[in-house]
Amino acid sequence: MRGYEVKDLGLAALGVARLEWADREMPVLRAIRERFARERPLEGVQIAACVHVTAESGNLARALISGGARLIMVASNPLSTQDDIAAALVKEFDISVFALKGEDVETYHRHIRIALDANPQVLIDDGADLVATLVREYPSLAEQVIGTTEETTTGVIRLRAMAARELLRFPVIAVNDSQTKHLFDNRYGTGQSTWDGILRATNLLVAGKHVVVVGYGMCGRGVAMRARGLGARVIVTEVDPIRAIEAVMDGYDVMPIREAARLGEIFITVTGNRHVIDREHLLAMKDGAILCNAGHFDVEINLDALREIADGPRKIRDFVEEYRIRQTGRRLLVLAEGRLVNLAAAEGHPPAVMDLSFANQALAVEYLVKRRGTIPPGIHVLPLEIDQEIARLKLRAMGIEIDELTEEQREYLTTWTCGT
Ligand code: NAD
Ligand code: ADE
């Protein structure tokens, strides 16, 4: 068995059962795994993946090793690891996993360094901590890196910042920017799994409550849509005027966070930005307000300010901590320490949606390896044909057929002479 650090190898049987359960809902990734097993496009390639270690990413790992890759996997968040999956990947699939649910920040960074010490040629990142550590601490490794892939919006933002400072010496595939990723994972995945996390943590009734969704991007749209489906009275806050009009026309109340702070009973941040709920907003909130975050990092709610103005935290239930504001005596409840509530308090997005995201990841790795040395450094998106092929495979697996353009229609769409 290769090197590993997981909670308990005795959980492996449970992990295998959950991997197989998820696999039933991941037909596109499964087809890729079967093709990889025949063609071995990743033979001998050392991959380091810094991802949420879940049943779904476990199936991505299976696809990569079927393609001939050697893989080391570490967590992309201290609270998101599923320990049974980590155990199964080590024991049943001989994958090197360094990830524990609840690991401290020091362990998290130590694991990332272990992944880089394995001299990876391809990096799979979710949030860009792996690449950022490479750039800061392992600059000479860049020479052997064929390329990296990035799963999430925040990671792509960080990578663009690195590219602007000429720090990226290899190609990056922004998997998040594939249409079959962000239109589905960010919206329907985050929309459902964020509520799954909130409900598992609190067991509260959502109907009739004022829910404030901070940020109406891809994730925010999904979270607001599902809040409405649960019967909430939904308020959206935004800084982008176009997204704000979209929220208005989608039928939500839109207002500044300083006003929403007084009205909300449940607050969900999904901006990828910092301190979008700040000290003054915390001071204005009602007694019993629930705060949580589904954005990538735990920076969206100003928890340092909360600790300064409040006593606590006092554990109420798993993933629910209460703070009492000294000035007013009001109690605020923070879920999952302000980290990704859907992955900490629930299981992340369901496999059917991660099927699309991780099909993109597997094909992005193959794309990088097949074109090694030919793709310029910087940020790239997978070609539209690959995106469309993933969508086609998913539709086929769902038993859904669509139409094709006729020759006449194809021609019409390229002419200018037919008008009124
Ligand atoms: P996005 O860019 O589509 O949307 C973010 C929105 O937040 C934008 O409309 C932006 O204008 C708005 N915003 C920024 N600052 C704001 C502020 N101060 N107040 C109100 N709105 C503000 O990004 P996205 O794809 O929706 O991703 C959002 C975050 O969620 C990122 O951190 C991303 O990495 C993360 N993410 C999490 C999961 C998950 O599993 N929980 C899945 C996908 C993405
Ligand atoms: N990001 C969101 N949901 C996820 C999941 N189920 N597995 C891995 N990464 C995720």
Side-chain angles (χ1 to χ4, degrees), residues 18 22 25-26 29 49-61 73 75-77 79-82 85 124-128 150-158 174-177 181-197 212-224 235-247 254-258 260 267-278 281 292-302 336 339-358 361:
R18 287 188 54 241
E25 291 272 307
M26 305 184 85
L29 187 61
C50 177
V51 293
H52 303 296
V53 179
T54 64
E56 294 71 34
S57 63
N59 280 320
L60 169 63
M73 226 169 151
S76 60
N77 184 291
L79 286 187
S80 62
T81 298
Q82 297 172 4
I85 299 295
I124 298 176
D125 220 346
D126 186 335
E150 174 50 56
E151 172 75 3
T152 199
T153 315
T154 284
V156 175
I157 290 171
R158 295 179 79 195
V175 163
N176 182 71
D177 294 358
K181 199 286 183 176
H182 65 267
L183 292 177
F184 301 93
D185 168 317
N186 301 31
R187 180 165 39 180
Y188 302 106
T190 314
Q192 177 167 319
S193 63
T194 297
W195 283 106
D196 188 11
V212 179
V213 179
V214 185
Y216 200 65
M218 286 318 308
C219 294
R221 290 176 188 134
V223 171
I235 298 168
V236 168
T237 72
E238 248 302 341
V239 291
D240 177 332
I242 299 170
R243 296 224 161 141
I245 310 180
E246 197 182 344
V254 175
M255 61 185 75
I257 184 69
R258 90 180 112 71
F267 293 83
I268 304 158
T269 55
V270 254
T271 66
N273 204 350
R274 164 178 233 206
H275 296 176
V276 297
I277 294 187
D278 216 339
H281 313 129
C292 65
N293 167 53
H296 188 77
F297 285 118
D298 59 343
V299 297
E300 304 214 6
I301 304 166
N302 188 347
R339 295 195 189 276
L340 293 158
V341 69
N342 60 327
L343 282 139
E347 293 168 61
H349 302 353
V353 82
M354 294 314 290
D355 190 27
L356 293 170
S357 312
F358 288 156
Q361 284 286 2

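Every number for a ligand or one of its atoms is a count from 1 in the order of the listing. Excluded from the calculations below are hydrogen atoms, water molecules and symmetry mates; all remaining heavy atoms, backbone and side chain alike, are included. In this text the structure is predicted, and so the values were computed from the model without any measurement.
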Restricting to non-hydrogen atoms, name the atom on [X] and the atom on [Y] that form the minimum distance, rounded to 0.1 Å.
| X | Y | value |
| --- | --- | --- |
| G197 | A345 | O-CB, 3.6 Å |
| V213 | G220 | CG1-O, 3.8 Å |
| M218 | H182 | CE-O, 3.6 Å |
| A247 | V254 | CB-CG2, 3.7 Å |

Please indicate whether any nitrogen or oxygen in [X] is less than 3.5 Å from any nitrogen or oxygen in ligand 1.
| X | answer |
| --- | --- |
| M218 | yes |
| N186 | yes |
| E238 | yes |
| L343 | no |
| T190 | no |
| C219 | yes |
| N342 | yes |

Looking only at protein heavy atoms, identify the closest one to [atom] and say how far it is in Å.
| atom | result |
| --- | --- |
| atom 28 (C) of ligand 1 | V270 O, 3.5 Å |
| atom 30 (O) of ligand 1 | G295 CA, 3.5 Å |
| atom 33 (C) of ligand 1 | T152 OG1, 3.4 Å |
| atom 7 (O) of ligand 1 | T271 CA, 3.5 Å |
| atom 35 (C) of ligand 1 | H296 N, 3.6 Å |
| atom 4 (O) of ligand 1 | G217 CA, 3.1 Å |

Side chain to side chain donor-acceptor pair (under 3.5 Å), paired with S357, selected from N186, T152, D185: D185
Counting distance only, does the side-chain N/O of [X] pair as donor-acceptor with the main-chain N or O of [Y] below 3.5 Å?
| X | Y | result |
| --- | --- | --- |
| T194 | V223 | no |
| D125 | G127 | no |
| T190 | R187 | no |
| K181 | L356 | no |

Residues R158, E150: salt bridge by 4.0 Å N-O rule: no
Only counting residues at least two apart or in another chain, list the ones meeting side-chain hydrogen bond (donor to acceptor under 3.5 Å, both in side chains) with [X].
| X | value |
| --- | --- |
| T81 | none |
| N77 | none |
| T271 | E300 |

If the cut-off is 4.0 Å to any non-hydrogen atom of [X], which atoms of ligand 1 fall inside it?
| X | value |
| --- | --- |
| L340 | 39 (C), 41 (N) |
| N273 | 14 (C), 15 (N) |
| V276 | 17 (C), 18 (N) |
| R243 | 1 (P), 2 (O), 3 (O), 4 (O), 8 (C), 9 (O) |
| G272 | 29 (C), 31 (C), 32 (O) |

[X] side, atom [atom1]; [Y] side, atom [atom2] - distance, nearest 0.5 Å:
| X | Y | atom1 | atom2 | result |
| --- | --- | --- | --- | --- |
| D126 | S76 | CG | OG | 4.0 Å |
| N59 | E25 | CG | CD | 11.5 Å |
| S80 | L340 | OG | CG | 7.0 Å |

Under 4.0 Å from ligand 2, counting heavy atoms only: the protein residues, by chain and number: H52, T54, E56, L343, E347, G348, H349, M354, F358
Proximity to ligand 1 by part of H182, non-hydrogen separation under 4.0 Å: neither
Nearest neighbour of atom 16 (C) of ligand 1 from the list T153, T154, N176, V239, on a heavy-atom basis: V239
Shortest heavy-atom approach to atom 37 (C) of ligand 1 - which of G155, G348, P241, A294: A294
Pair Q82-E347, side-chain donor/acceptor within less than 3.5 Å: no
Heavy atom of H275, distance to ligand 1 below 4.0 Å: no
